[in-house]
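These numbers come from a predicted model, not from an experiment.
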Amino acid sequence: MSLAARQQAFMAAILDDDAALPEGWGARHAAALEVYRNNYRSSLVEALAATFERTQRWVGEESFRRAAAHHVILHPPGSWTIDDVGHGFDATLAELFANDPEVAELAALEWAMHRAFVAGDAASLAMADFAEATAGFSEEEWGGLGFAFTPGAALLSVTHDVGTLWNALKEGEFTAPEIGLATPHALLVWREELRPAFRLMDEADGAALSLALGGGNFGDICAALVERLGPDEGVARAGALLGQWLQDGLIAGLSR
């Protein structure tokens, strides 16, 4: 067996308890392999704890580490970078904490903030540059205006105000806020320069942004909001949202 094949078999055995041992291995090697497995999984659990600090604080260290161990055993990472170890962890928490849905939503927020932080750099379109680019636009040109968003921008669907919970979960004692929402909301996560940020928004605003993130143009956004809110309020809301996206630095470029 070649060295590369042995390395692949060794890694497969670390990731999967049921995988066959590398060729020529016996009981002594199997015992040593358990040490590698424990060290490897412990490192992954520590990486999850570092990424999901607030989630761990919310559920408690013991419960979190049990959930993290469960996740890394059933879903070993397949990426070259440890930055991706938290992929899908919120789905695991949704299963394990089915009666406490805010746990998975809080983890989804922390993961989105992490992804925004490590996303590639892109300059935001300044308000003045936008005004210059769209000066003299016809109604048809406005309708066909498309947007390129900065890397790492993400939109979550939540039933709890996990942003308020995230802010409350600081070191030391805290009073748990009332975080249940009467209706589902959208939670926008993006990066402001070097700092991840988030903002809660209602379903209408969230649906409009989701449409834009999916490639919808300004005409599509206006039409969707008019259908929801009526002609006057819908058009006004579309303009206000566009101004907010520019102010937040979400838009990196325009297309027609």
**Message:** Would you say that Asp84 contacts Arg115 through its side chain, given a criterion of any heavy-atom pair below 4.5 Å between the two side chains?
**Reply:** yes

**Fill in**
Distance col, row Leu48:CG vs Thr92:OG1, nearest 0.5 angstrom, shows 9.0 Å

**Asked** Can you tell me how far the CH2 atom of Trp245 sits from the CZ atom of Phe130, to the nearest 0.5 Å?
**Response** 10.5 Å

**Request:** Name all pairs fulfilling the salt bridge (Lys or Arg N to Asp or Glu O under 4.0 Å) condition that reach into residues 189-205, sequence neighbours left out, sorted by first residue then second.
**Result:** Asp121-Arg191, Glu192-Arg195, Arg199-Asp248, Asp202-Arg237, Asp205-Arg237

**Prompt:** Who pairs with Asp129 by side chain to side chain donor-acceptor pair (under 3.5 Å), at least two apart in sequence or on another chain?
**Reply:** none

**Asked** How many angstroms lie between CG in Leu181 and CG in Asp161, if you round to the nearest 0.5 Å?
**Response** 5.5 Å

**Message:** For Ser124 versus Gly249, what's the shortest heavy-atom pair and its separation?
**Reply:** OG-O, 2.7 Å

**Asked** With a 4.5 Å limit on heavy-atom distance, are the side chains of Thr159 and Glu105 in contact?
**Response** yes

**Ring centres under 6.0 angstrom apart (Phe198, Trp166)** = yes

**Interatomic spacing from NE2 in His70 to CG in Leu93 - rounded to 0.5 Å** = 9.5 Å

**Asked** In terms of hydrophobic clusters joined by side-chain contacts under 4.5 Å, are Trp190 and Met127 together?
**Response** yes

**Request:** Report yes if the side chains of Val103 and Thr55 come closer than 4.5 Å at any heavy-atom pair, otherwise no.
**Result:** yes

**Prompt:** Are any non-hydrogen side-chain atoms of Val59 and Asp100 less than 4.5 angstrom apart?
**Reply:** no

**Verdict with reasoning, Glu233 to Arg228, per side-chain contact (heavy atoms from CB on, under 4.5 Å)** = CA-CA 9 Å; Glu233 185 178 353; Arg228 277 177 174 264; over 6 Å; no

**Asked** Taking everything shown except Leu194 itself, do over 12 heavy atoms lie less than 6.0 Å from its CG?
**Response** no

**Prompt:** Do Trp142 and Leu242 come within less than 4.5 Å of each other through their side chains, counting heavy atoms only?
**Reply:** yes

**Request:** Report the distance from atom CG of Leu200 to atom CG of Leu156, rounding to the nearest 0.5 Å.
**Result:** 10.5 Å

**From OG1 (Thr164) to CG (Leu169), nearest 0.5 Å** = 11.0 Å

**His185 side chain to Thr183 backbone, donor-acceptor under 3.5 Å** = yes

**Prompt:** For the hydrophobic clusters of this structure (ILVMFWY residues joined by side-chain heavy atoms under 4.5 Å, transitively), does one cluster hold both Phe137 and Leu254?
**Reply:** yes

**Request:** Look at the side-chain heavy atoms of Ile, Leu, Val, Met, Phe, Trp and Tyr, link any pair under 4.5 Å apart, and say whether Leu241 and Leu250 land in one connected group.
**Result:** yes

**Item:** Neighbour count >12 (heavy atoms, 6.0 Å) for atom CZ, Phe117
**Value:** no

**Message:** A side-chain contact here means heavy atoms from C-beta on lying under 4.5 Å apart; do Phe64 and Phe52 qualify?
**Reply:** yes

**Asked** Who passes salt bridge (Lys or Arg N to Asp or Glu O under 4.0 Å) against Glu132, sequence neighbours left out?
**Response** none

**Request:** Determine, stepwise, if the pair Val226 / Val235 fulfils side-chain contact (heavy atoms from CB on, under 4.5 Å).
**Result:** CA-CA 6 Å; Val226 165; Val235 172; 3.9 Å; yes

**Item:** Heavy-atom closest contact (Leu155 atom, Ala186 atom, distance)
**Value:** CD1-CB, 4.1 Å

**Message:** Looking at Asp83, is its backbone amide N or carbonyl O close enough to the side chain of His114 to form a donor-acceptor pair, meaning the two atoms are under 3.5 Å apart?
**Reply:** yes

**Message:** Is there a side-chain contact between Phe149 and Leu209 in this structure, where contact means two heavy atoms from C-beta onward sitting under 4.5 Å apart?
**Reply:** yes

**Asked** Which heavy-atom pair separates Cys222 from Ala238 by the least distance, and what is that distance?
**Response** SG-CB, 3.6 Å

**Asked** Would you say Phe147 and Ile221 make side-chain contact, with heavy atoms under 4.5 Å?
**Response** yes

**Prompt:** In the single-linkage hydrophobic clustering (I, L, V, M, F, W, Y; side-chain heavy atoms under 4.5 Å), do Phe218 and Leu229 co-cluster?
**Reply:** yes

**Prompt:** Within the distance-only criterion (no hydrogens, no angle test), does the side chain of Glu141 pair as donor or acceptor with the backbone N or O of Ser138 below 3.5 angstrom?
**Reply:** yes

**Request:** Kindly give the heavy-atom pair with the smallest separation between Val162 and Leu109, and that separation in Å.
**Result:** O-CD2, 3.7 Å

**Asked** Do Leu165 and Met201 sit in the same hydrophobic cluster, where Ile, Leu, Val, Met, Phe, Trp and Tyr count as joined when their side-chain heavy atoms come under 4.5 Å apart?
**Response** no

**Complete:** Minimal heavy-atom distance between Ala67 and Phe97, with the atoms involved, is CB-CE1, 4.3 Å

**Asked** Is Glu53 paired with Lys170 through a side-chain N to carboxylate O contact shorter than 4.0 Å?
**Response** no

**Prompt:** Minimum heavy-atom separation for His160 to Pro101, with atom names?
**Reply:** CE1-CG, 3.6 Å

